[in-house]
A.B. asks: 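Before anything else, here's the structure in question.
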Amino acid sequence: MNILLILVPIITIIVSATIAVKKKLSGVSAKKAFRYNAIAFLVVLTMLIVFAVGSFAAGSDNDAAAAQTTTASAQAEETAEESAQSSTGFDKGMAYLAAGLSTGLAGIGGGIAVAAGAPAAIGAVSEDPKAFGKAIIFVALGESIALYGVVISILVLPR
């Protein structure tokens with residue numbers, strides 16, 4: 001199951017990049033290629049979540065089978081320890097997933113903001129060089145969105 005967590009994203013990225021390049025070379029617009037890649041990203045994200053939850057559930061089934069072979073008192077102690085360890089493993093996994101999502105989505109949002117603000121800032125500065133200070137503030141505000149995502153992901157990561 002752990003190999004699937006590594007191979008599925010790599011294979012999907014290679015396949016989506018190959019298809020996007022083929023579509024672009026055949027004359028399909030960039031918007032359609034972007035839509036395809038966005039859909040592929042969402043599918044990979046969903047599959048990773050399903051595989052992560054599935055591997056967690058499979059690990060708990062194996063723990064339950066091993067606990068049935070021990071004595072009653074040892075079984076109670078091991079079950080308490082294993083449930084504490086399993087919940088911390090699950091919590092760490094969800095924390096890493098949240099950190100990755102916050103950084104990734106904030107980066108995408110910052111990229112969209114800079115893509116809209118930078119050309120306007122360049123145009124304003126080319127018309128009036130005195131507007132540079134105001135223009136750079138709007139570009140920096142767009143970039144700060146990505147920095148907020150990084151700060152949140154650092155705060156979310158387990159210690």
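Because the structure is predicted, anything quoted here is derived from the model rather than measured. Hydrogens, waters and symmetry mates play no part in the numbers below; they use all other heavy atoms, side chains included.
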A.B. asks: What pair of heavy atoms forms the shortest contact from A106 to G149, and how long is it?
C.D. replies: CB-CA, 3.5 Å

A.B. asks: Give the minimum heavy-atom separation between A99 and L157, together with the two atoms involved.
C.D. replies: CB-CD2, 3.6 Å

A.B. asks: Do you know which two heavy atoms are closest between A124 and A131, and how far apart they sit?
C.D. replies: O-CB, 4.3 Å

A.B. asks: What distance do E127 atom CD and I122 atom CD1 have between them, rounded to the nearest 0.5 Å?
C.D. replies: 12.5 Å

A.B. asks: Provide the closest heavy-atom pair for G142 versus V114 in the form atom of the first, atom of the second, distance.
C.D. replies: C-CG2, 4.0 Å

A.B. asks: Rounded at 0.5 Å granularity, tell me how far CG in L97 sits from NZ in K92.
C.D. replies: 16.0 Å

A.B. asks: Same cluster or not: I112 versus I145, using hydrophobic residues (I, L, V, M, F, W, Y) connected whenever any side-chain heavy atoms lie under 4.5 Å apart?
C.D. replies: no

A.B. asks: OG1/T103 to CD1/I108 distance, rounded to the nearest 0.5 angstrom?
C.D. replies: 11.0 Å

A.B. asks: Quick check: do Y96 and P158 have side-chain heavy atoms less than 4.5 Å from each other?
C.D. replies: yes

